[in-house]
There are 2 protein chains.
Amino acid sequence: MLRISKLTDYATVILASLTAGVLTSAAEIAERTRIGLPTVSKLLKELQHAGLVDSVRGARGGYRLARAPALISAADIIDAVEGPVALTECAGDDGHCGIEATCQVGQRWQQVSLAIRSALAALSLDDLLTRTGQFDPPDLRQASAGTAWRPLVRS
Amino acid sequence: MLRISKLTDYATVILASLTAGVLTSAAEIAERTRIGLPTVSKLLKELQHAGLVDSVRGARGGYRLARAPALISAADIIDAVEGPVALTECAGDDGHCGIEATCQVGQRWQQVSLAIRSALAALSLDDLLTRTGQFDPPDLRQASAGTAWRPLVRS
DNA sequence: CCAATCAGGACTATCTTAGTACTATAAAGG
DNA sequence: CCTTTATAGTACTAAGATAGTCCTGATTGG
């Protein structure tokens, strides 16, 4: 249930392997992480599009984090790689799902989706790397509209 | 990101359409929910396997909730339909993923996975049906081992 | 017995995911 | 100014998951 894709996991590993401020080539990253170079390349391009890394072209070029690890959230990474797919089909952009009329739960899944999303948005790359401590099972039953989330179109 | 499958959504709608204690045939449920009969049938079988509904065979047979809606959790439904798939590949049964040696984040995703899971386990079918109120963006950064979760093999 | 209804599979399109390949563009450095 | 080292962009393919269908067998009420 509720999985993130392998590529998102890779992306996290890749971001984690970058030292803040230091320019690193895709080849170097591939070597460090043991993920295939073509895959690393592809992911870095997507992360660049999403603004999570900066790129420098040409000889001696490479990639580096666009901002501090504390300012990159799990949700950012997921969005960058998977696009803002929602929990249910109807929770997407202009949510319609065929059984809308008889569906009594759509709204609710949507809210659960938003809650989980907010939680992931509050979880930084730094947090992911810190080994100590664990997670609170969050309470999904109670209120708070949460940050409105504008689904963006994946290019 | 982080989606549940259409079938899980359907399953929720189906469960929601059942009146506690009342026996209802698959055909009747299909009509009520406007989901195709073969699909409804298939899902009800899975829900029966998972012990979320009871079935009665033969003429005048049908399905009914195995227990009160308050005692059926979102996690139960997801497990029943999708099986206990984990957030990352490595988070599964005997988690190995090829880049294990260099992977610094696996553990953490796993904990996030468990936290979300606990949250979904605490969310009942009743909660999903209640329209009022909204959800708290849960805090995934802080501690608590949470309920250990034994992945079961899907039959 | 017969009709209604669930049980259990097997099967098939379609979509998504993961991974690859190729060409173009940019910068560094002799 | 040309070669080398990189990223940018995009197209493509194979494998797997998802959604949905269909058929045959078992059970029960009337």
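Letters go in sequence order (proteins before strands), and every chain restarts at 1.
Taking CG of A:Leu128 as the start and CG of A:Leu123 as the end, the distance is 4.5 Å to the nearest 0.5 Å. A:Leu44 CG to A:His49 NE2: the interatomic distance, rounded to the nearest 0.5 Å, is 12.5 Å. Taken to the nearest 0.5 Å, the CD1 atom of A:Ile4 stands 9.0 Å off from the CG atom of A:Leu120.
In the hydrophobic clustering (ILVMFWY side chains linked at under 4.5 Å, chained through shared members), B:Leu23 is joined by B:Val56.
Looking at residues two or more places apart in sequence or on another chain, you find a side chain to side chain contact (heavy atoms under 4.5 Å, CB included) between A:Thr39 and A:Leu7, A:Tyr10, A:Ile35, A:Leu43. B:Thr24 meets the side chain to side chain contact (heavy atoms under 4.5 Å, CB included) test with B:Leu18, B:Val22, B:Glu28, B:Ile29, B:Arg32; sequence neighbours excluded.
For D:dG9, one of the phosphate oxygens OP1 or OP2 lies less than 4.0 angstrom from a side-chain nitrogen or oxygen of A:His49. At D:dA8, one or more side-chain N or O atoms of A:Ser55 fall inside 4.0 Å of OP1 or OP2 (strictly under the cut-off).
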Pull out every protein N or O sitting under 3.5 Å from an N or O of nucleotides 18-20 of chain C, one pair per line with the distance.
unit_1	atom_1	unit_2	atom_2	d
C:dA18	OP1	A:Lys6	N	2.8
C:dA18	OP2	A:Ser5	OG	3.2
C:dG19	N7	A:Lys42	NZ	2.6
C:dG19	O6	A:Lys42	NZ	3.1

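The nearest whole Å value for the distance from the NZ atom in A:Lys45 to the P atom in C:dT25 is 14 Å. Atom pair A:Ile14:CD1 and D:dT7:P shows a separation of 12 Å (rounding to whole Å applied). Between the CG atom of B:Leu44 and the C1' atom of C:dG9 there is a distance of 17 Å, rounded to whole Å. For the pair A:Glu28 CD and D:dT5 P, the computed distance is 16 Å after rounding to whole Å. Straight-line distance from the CD atom of A:Gln48 to the P atom of D:dG9: 7 Å, rounded to whole Å. The interatomic distance linking B:Leu23 (CG) with D:dT28 (P) rounds to 13 Å, in whole Å. One atom, CG of B:Leu43, and another, C1' of C:dG8, lie 15 Å apart when rounded to the nearest Å.
The side chain of A:Ser25 lies closest to D:dA6, out of C:dA7, D:dA8, D:dA6.
Heavy-atom nearest nucleotides on DNA chain C were determined for A:Gly58 and for B:Arg57, and the one closer to the 5' end corresponds to B:Arg57.
Note on residues 50-63 of chain B: no pairs pass salt bridge (charged side-chain N to carboxylate O under 4.0 Å, His left out), not counting sequence neighbours. Under the side-chain hydrogen bond (donor to acceptor under 3.5 Å, both in side chains) criterion, the residue pairs touching residues 63-75 of chain A are A:Arg67-A:Asp76, A:Ser73-A:Asp76, with sequence neighbours excluded.
When each of A:Thr33, A:Thr12, A:Val40 is tested with A:Ser17 by the rule side-chain contact (heavy atoms from CB on, under 4.5 Å), just one qualifies, namely A:Thr33.
Contact annotation for A:Ala27: no contact, since no heavy-atom pair falls under 4.0 Å across all strands.
Scanning residues 59-66 of chain A for heavy-atom distances under 4.0 Å to DNA chain D yields A:Ala59, A:Gly62, A:Tyr63.
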